[in-house]
Amino acid sequence: MKYAERPLIGISSCLVGQKVRYDGTAKRNSWLVDKFGKHVDYRPICPEMAIGMPTPRPPIRLVGTPERTRVLGVEDPSVDVTEKLEDFALNTAGQLQAVSGYVFMSKSPSCGMERVKLYNASGHAQKNGVGAYARVLMASLPNLPCEEEGRLNDPVLRENFVNRVYAYRRWQSLCAQGITASRLIEFHARHKYLVMVHSQAAYQRLGRLLSHLKGVDLGAVAGAYEAEFMTALKRRAGRKRHVNALQHIQGYLKKRIDGSDRQEMADSIEAYRREEVPLVVPMKLMRHYFRRNPDHYIDRQWYLDPYPETLGLRNTI
Ligand code: SF4
């Protein structure tokens, strides 16, 4: 079964409903818990609780500049938990090898990924801070797919995050089996269209990394491949590139379906290009034709089936 392995996702504890916030409340996110939670397992982490802060607790905030940020008490600025949060992030990063993604709580001085309020010496705030825990964790695990709860309301960002989580999970499975030249080449071939809808140039760079594998340090190649692969998937997948990929894949059906079916497929791709239907429409039709006319190469392309369809992510992009 394709998705037998449930990805493990690190998550801010308050998002799964744990009452760990400074005011003793939670921030349960129903999509994450009720929908995505059907397909993944969560590892909830509350860094503020982990460093010994009680609930409820006096609030903290970011103070300083983007280059030199401290995490201080709002009411009592002599309370400084910067080092504690950073040390906890470093320790936690070392324990997250099995995790395939991370969802942070927005706006938090500990967990916020971006645009967190950062106060200057005179008490004015700009939204240009990063939570102290999130900053160190993301720097320690640069290839780990990370996203914020607030940004996940955007269908494009949500689809992009889930896509990266499942792609990273597949990469982790490959690493767990042991890196060999043939496994790397197979991985690359199966992700051709999935990467190309994000960046054709990145797909070519990835191909060049694998072009001479005899006598090279495979560990170093795999490290470079992982970084390039995960960076490529972060880029927004454009509608034009989806259209190109669909038309290219349609070519494999050319001699196997009759003229009216070919026209129906072409019309569906065209309707998607004109933004009249979501991506799921041509995708479903394509899969239907390939079920009736299997093609070994296309069957193995993750692009047609990158994550559980019941998440409905391609209905909204
Ligand atoms: S945002 Fe982070 S630190 Fe704050 S309550 Fe949630 S998990 Fe804890």
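Order of listing sets the numbers, starting from 1, for every ligand and every atom in it. FYI, the numbering just counts along the sequence from 1.
Below 30°, between 30° and 60°, or above 60°: for Y193 and Y303 the angle between ring planes is between 30° and 60°, a tilted geometry.
Using modelled atom types, one finds no donor on one side chain facing an acceptor on the other under 3.5 Å when comparing N29 with E149. Between E159 and Y307, the side chains place a donor N or O and an acceptor N or O closer than 3.5 Å (distance only, hydrogens not considered). No side-chain donor from either of S30 and R28 sits under 3.5 Å from a side-chain acceptor of the other. Between the side chains of Y119 and H124, no donor N or O sits under 3.5 Å from an acceptor N or O.
Of the heavy atoms in R57, only side-chain atoms (C-beta onward) come closer than 4.0 Å to ligand 1.
The hydrophobic cluster containing V116 also contains V79, counting ILVMFWY residues as joined when their side-chain heavy atoms lie under 4.5 angstrom apart, directly or transitively.
Protein-derived N/O/S atoms nearer than 2.8 Å to atom 2 (Fe) of ligand 1 total 1, waters excluded.
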